[in-house]
Amino acid sequence: MKKILALSGCCIVLLSCSKNIKDQQAIASADAQDLKSSQLQLNQYIKDQFQQTGYFNWKDASDEMVWTAMQSTDNIIAVGYKPLQEKSIENRLHTININDAKWSAAKQQVMQLIYNSERKFNPSIRIENMEVWKEKVLPVIDVKITSIETLKLLRKSGLVRYAEPMGYDPIKEFDNEAALASGGIGGGSGCGGYNGNTSLLAGSDYSVVSPNAKVSWNYTYHGIQNAWTKSTGAGVKVMVIDSGVSPDQANLGSEFNQGLSSGRTIEKMFTLPGEISSDDPCGHGTAMSGAVAAPRCADGNACGVAYNCNFVICRATRDVYLDESSEVKGVSDAYTWAADNSTVQIISMSLGRVTGSGQIKDAIQYASGKGKLMFCAGGTSFSWTAFFVGVIFPASLTEVQAITGVKDAPALNACADCHKGKQIDYVIVMEKQSTGLHALSTAMTGDVPTTVGGSSVSTATAAGIAALVWSKNPTFTRDDVLNKLTTTASGYPTKSKNYGWGKLNADAATN
């Protein structure tokens with residue numbers, strides 16, 4: 001009888017355990033459903049904000065929306081701080097020393113606020129270990145938090161300029177939604193496919209210049225070859241922030257100086273946390289590097305716009321859209337590094353995101369204060385975003401020049417994957433209306449050029465043209481260069497609501 005009772009007890013325990021497991025699974029499933037529902041609501045809110053105002057700022061979202069974004073990613077938050085007595089600092093970020101007493105004290109107060117709130121839920125937390133990445137230049141704290149109460153306290157504090165999720169961007173979700181609606185497959189990041197194009201036709205898709213370099217078909221629309229008789233980019237340093245550079249592309253490595261390109265430097269670096277080299281697994285950074293600075297070579301490869309400029313390529317991201325916390329940190333660090341490097345004059349970034357980032361904005365404003373001329377892509381490599389998003393971040397910022405691509409038609413007409421809008425400053429012809437062929441650049445390996453399109457190659461091309469202008473006029477300031485680019489563009493003196501000042505004219509700008 002005792003054995004039967006004992007067995008009955010075991011069964012009750014087992015049944016109870018099984019019920020608890022099922023209850024926990026049901027709760028977890030319900031939580032996941034609630035999070036997905038909240039995420040869909042957040043994405044719709046972001047879409048609505050874009051359609052109504054043309055931009056999205058996390059400050060406009062509720063605490064609950066910001067918390068949904070954090071829970072949907074890695075819970076890492078960027079906290080921009082300031083002393084209580086400080087007001088607007090956007091235009092003087094480059095003058096701030098975060099190690100000064102009042103700024104150091106403000107940071108410690110914010111850290112203490114986070115610590116006091118978070119230790120209620122995690123008693124073992126240590127204040128000295130809370131920062132995910134330690135900021136050396138900007139008044140920003142990158143920290144992981146586990147409570148919405150901490151978020152609410154931060155957003156209410158007079159010490160906090162912004163408190164926003166670093167890694168959340170709805171671009172993937174929108175991509176999946178658009179693909180599902182059209183019966184396609186979502187995803188994609190602008191990576192892959194940067195191989196040599198063996199179908200290119202001489203005389204139509206490219207011309208050949210001495211000693212044996214291929215000139216992309218679209219250079220004619222911007223007077224680039226004529227500009228080369230006056231300037232080659234010598235003496236100007238351009239930095240590209242992207243996915244890195246292929247170690248197998250010799251023209252962006254050991255053969256950077258060849259043919260009519262000589263006496264210049266190339267630097268390869270990385271700021272993406274967790275990475276150990278500038279190597280490009282994506283291909284996008286390699287193509288952008290080639291568009292700016294590939295040599296006027298003797299090996300039959302594509303020639304860059306500023307083929308004698310000094311060049312820096314920085315691996316700051318994994319792909320073309322900034323949807324990871326580490327990518328936000330990588331891009332931010334790249335801009336501040338360039339800002340503090342007196343030899344860098346021009347910064348080109350063909351990357352972006354739908355939502356804003358206070359940390360990247362800080363870094364760009366810091367670089368602007370240091371006199372850097374910056375170009376950013378007006379859109380991503382996704383045609384669907386152009387239907388409801390105008391110019392994406394950070395091209396939407398006033399501190400940068402927003403670039404988009406157009407077809408080779410008489411009237412300005414955006415390419416399939418190119419955004420347009422009031423923030424656009426200049427356009428580049430990069431797509432053949434008849435065949436859809438895009439501009440030439442360097443492939444991941446070998447001497448057969450690849451082709452690359454969108455606002456991406458347009459941005460890199462614009463940066464190269466700016467280098468030609470600055471090289472021709474070495475005493476110019478950033479504003480002098482911009483004035484030359486603007487007053488010689490095809491639309492000047494009338495700025496279009498969608499295409500800025502129109503097509504850049506390298507020939508006229510280098511006169």
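This is a predicted model, so every value here is computed, not measured. Index from 1, following the sequence.
- Note on Lys59 versus Glu164: no salt bridge recorded, every NZ/NE/NH1/NH2 to OD/OE distance being 4.0 Å or above.
- A salt bridge links Lys495 to Asp425: at least one charged side-chain nitrogen sits closer than 4.0 Å to a carboxylate oxygen.
- Lys361 and Glu90 are not joined by a salt bridge, as no carboxylate oxygen comes within less than 4.0 angstrom of a charged side-chain nitrogen.
- With sequence neighbours excluded, the residues forming a ring pair (Phe, Tyr, Trp, His ring centres under 6.0 Å) with Phe56 are Trp58, listed by chain and number.
- Atom CG of residue Asn57 and atom OG of residue Ser396 lie 10.0 Å apart, to the nearest 0.5 angstrom.
- Between His284 and Tyr194, the ring planes are perpendicular. Angles over 60° get that label, and only those under 30° would be called parallel.
- Of the charged side-chain nitrogens involved, none lies within less than 4.0 Å of a carboxylate oxygen, so that Asp279 and Arg315 do not count as a salt-bridged pair.
- A salt bridge between Arg353 and Glu327 is absent, with no side-chain N of the basic residue lying under 4.0 Å from a carboxylate O of the acidic one.
- A salt bridge does not link Lys329 to Glu324: none of the charged side-chain nitrogens sits closer than 4.0 Å to a carboxylate oxygen.
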Any chance you could lay out the side chain to side chain contact (heavy atoms under 4.5 Å, CB included) test for Ser357 and Phe393, step after step, and finish with the verdict?
-> CA-CA 8 Å; Ser357 163; Phe393 178 90; 3.8 Å; yes
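- Ring to ring, Trp501 and Tyr492 are close: their centroids are under 6.0 angstrom apart.
- A salt bridge between Lys484 and Asp480 is absent, with no side-chain N of the basic residue lying under 4.0 Å from a carboxylate O of the acidic one.
- Remark: the Asn498 side chain and the Ser496 side chain contain no N/O donor-acceptor pair separated by less than 3.5 Å.
- Considering only residues two or more places apart in sequence or on other chains, Tyr81 meets the ring pair (Phe, Tyr, Trp, His ring centres under 6.0 Å) condition with none of them.
- Between Glu86 and Arg161, none of the side-chain N atoms (NZ, or NE/NH1/NH2) sits under 4.0 Å from a carboxylate O, so this pair counts as no salt bridge.
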Would you give me the side-chain donor-acceptor pairs under 3.5 Å for residues 140-148, sequence neighbours excluded?
residue	atom	partner	partner atom	Å
Asp142	OD2	Gln359	NE2	3.2
Thr146	OG1	Glu118	OE1	2.7
Ser147	OG	Glu149	N	3.0

